Q: 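The following block contains the structure, expressed as structure tokens.
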Amino acid sequence: MTVEAALILPIFLFAMILVGYLGQMIRCQDEVQSALTRLAREASAEYGAYESSLLKSKAYYIAKLNSYISGSAGKVTLFQSHFLEENDEIDLVAVYQMSTPFSIMGLGNFRFRQRVHTRAFTGVDRRSKENIQEDCIVYVTDTGRVYHRTLECNYLRLSISKVLYRDLENLRNDSGGKYKSCERCTKGRELTGNDVIWITNYGDRFHTSGSCSGLKRNIREIRLSEVGSRPPCSKCGKEE
């Protein structure tokens, strides 16, 4: 048993020490990656807040990075990194070495390379008012002559009423306007006072058919640049 213990104990101790050093390496990698991520975020924010040539200096960020780690990873360098060279990108590459007290499979030093890639904060892209207008969505109907900026426009939310033709003379829409005959359903028709007609709250036409296309609202979304010759709605089309 003594001989067996003498043979097995060194192997067991070597395995335990090896596992301990592997755990130390993993901890160091996690520490460096966390510090590298923090450094990338700070570099991005600093670029947006300050204008200084120091922000492109590797020495500046190497000093900051080494202050964020405990030192167990040894000296960490950023010489393979690139700062704000193309498209305001920040490419941080940390390189460092860790040594073991004995050679593992013929290797005494282990070299690590970790990377974080991000983009510098360059501020908010404030487009011109004209460009914003060109990109915005507006609403039109199949038979409408104007475009609307909101679906809540009263012209798009019709309230249809059925009245007698003889009462039309005293009726006004919600805008105060009189009703005229619809070019689609009343063309060529002779109306009497007892004929039933349909009107809407904001429309300026009366209809002799409840299925007239002028009473329907098939609403489509288009871009403002696609409205063509349509003018804006007098109620919702005013620019804010």
Side-chain angles (χ1 to χ4, degrees), residues 40-41 44-51 84 86-90 117-240:
R41 291 175 178 173
S44 176
E46 287 174 351
Y47 182 77
Y50 309 103
E51 293 183 2
L84 313 172
E86 184 178 354
N87 298 326
D88 297 322
E89 293 181 352
I90 299 174
H117 184 271
T118 186
R119 189 174 187 275
F121 178 74
T122 55
V124 179
D125 181 16
R126 301 188 181 277
R127 297 175 293 171
S128 64
K129 193 174 184 180
E130 292 77 10
N131 290 335
I132 294 175
Q133 289 180 350
E134 289 179 0
D135 291 337
C136 72
I137 296 296
V138 295
Y139 307 92
V140 297
T141 62
D142 292 338
T143 58
R145 301 184 183 92
V146 300
Y147 68 85
H148 306 266
R149 291 185 178 273
T150 172
L151 283 174
E152 301 302 317
C153 180
N154 290 322
Y155 287 137
L156 295 178
R157 304 177 65 183
L158 295 179
S159 175
I160 303 173
S161 302
K162 185 166 62 173
V163 300
L164 295 177
Y165 180 67
R166 64 169 175 263
D167 297 327
L168 185 65
E169 185 177 354
N170 299 320
L171 297 176
R172 300 291 184 272
N173 60 26
D174 287 354
S175 298
K178 293 183 178 182
Y179 291 98
K180 303 174 184 178
S181 61
C182 172
E183 299 86 348
R184 300 178 182 86
C185 62
T186 63
K187 187 177 181 180
R189 292 196 56 177
E190 293 288 339
L191 298 176
T192 64
N194 292 326
D195 287 334
V196 175
I197 59 174
W198 284 263
I199 59 175
T200 61
N201 53 343
Y202 276 95
D204 60 355
R205 297 289 188 271
F206 67 85
H207 308 265
T208 57
S209 172
S211 60
C212 177
S213 59
L215 292 173
K216 298 179 181 179
R217 287 292 182 267
N218 295 322
I219 303 171
R220 294 183 292 111
E221 291 184 356
I222 62 172
R223 293 194 175 277
L224 183 59
S225 57
E226 300 172 355
V227 299
S229 59
R230 293 186 182 95
C233 169
S234 60
K235 192 168 187 67
C236 68
K238 296 180 179 179
E239 296 182 7
E240 298 181 357

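This structure is a prediction, so every number in the text was calculated from the model and none was measured.
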Q: Can you tell me how far the CZ atom of R172 sits from the NZ atom of K178, to the nearest 0.5 Å?
A: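 Here the interatomic distance stands at 5.0 Å.
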Q: Answer yes or no: is there a side-chain heavy-atom contact under 4.5 Å between V196 and L164?
A: yes
Q: Take a 6.0 Å sphere around CZ of R166 and say whether it holds more than 12 heavy atoms from other residues, nucleotides or ligands.
A: yes
Q: Quick one: pull up OH in Y179 and CG in D204 and give me the separation to the nearest 0.5 Å.
A: 9.0 Å
Q: For the CZ atom of R145 and the SG atom of C233, what is their distance to the nearest 0.5 Å?
A: 13.0 Å
Q: Taking only residues two or more places apart in sequence, or in another chain, which ones meet E152 in a salt bridge (Lys or Arg N to Asp or Glu O under 4.0 Å)?
A: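 Here the qualifying residues are R157.
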Q: Ignoring hydrogens, what is the shortest heavy-atom contact between F206 and L191? Give both atom names and the distance.
A: CE1-CD1, 3.6 Å
Q: For the residue pair V140 and V146, what are the closest heavy atoms and their distance?
A: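 Heavy atoms of V140 and V146 come nearest at CG1-O, 4.0 Å.
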Q: Tell me whether T186 contacts the main-chain N or O of T208 through its side chain, where contact means a donor paired with an acceptor under 3.5 Å.
A: no
Q: Measure the CG-CG distance between L168 and D195 for me, rounded to the nearest 0.5 Å.
A: 12.0 Å
Q: Of all heavy-atom pairs between T150 and C236, which one has the smallest distance, and what is that distance?
A: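 Minimum heavy-atom separation between T150 and C236: CG2-CB, 3.7 Å.
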Q: Around E183, counting heavy atoms of other residues, nucleotides and ligands shown, do more than 12 lie under 6.0 Å from its CD?
A: yes
Q: OG/S161 to CG/D167 distance, rounded to the nearest 0.5 angstrom?
A: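 Interatomic distance, S161 OG to D167 CG, rounded to 0.5 Å: 12.0 Å.
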Q: I want to check something: taking the side chain as every heavy atom from C-beta on, are I197 and K162 in contact at a cut-off of under 4.5 Å?
A: no
Q: Rounded to the nearest 0.5 Å, what separation is found between the SG atom of C136 and the CZ atom of R149?
A: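 CZ of R149 is found 5.0 Å from SG of C136.
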Q: Less than 4.5 Å apart, side chain to side chain, heavy atoms only: is that true for Y139 and R220?
A: no
Q: With sequence neighbours left out, write down each residue that passes side chain to side chain donor-acceptor pair (under 3.5 Å) with N173, or none if nothing qualifies.
A: none
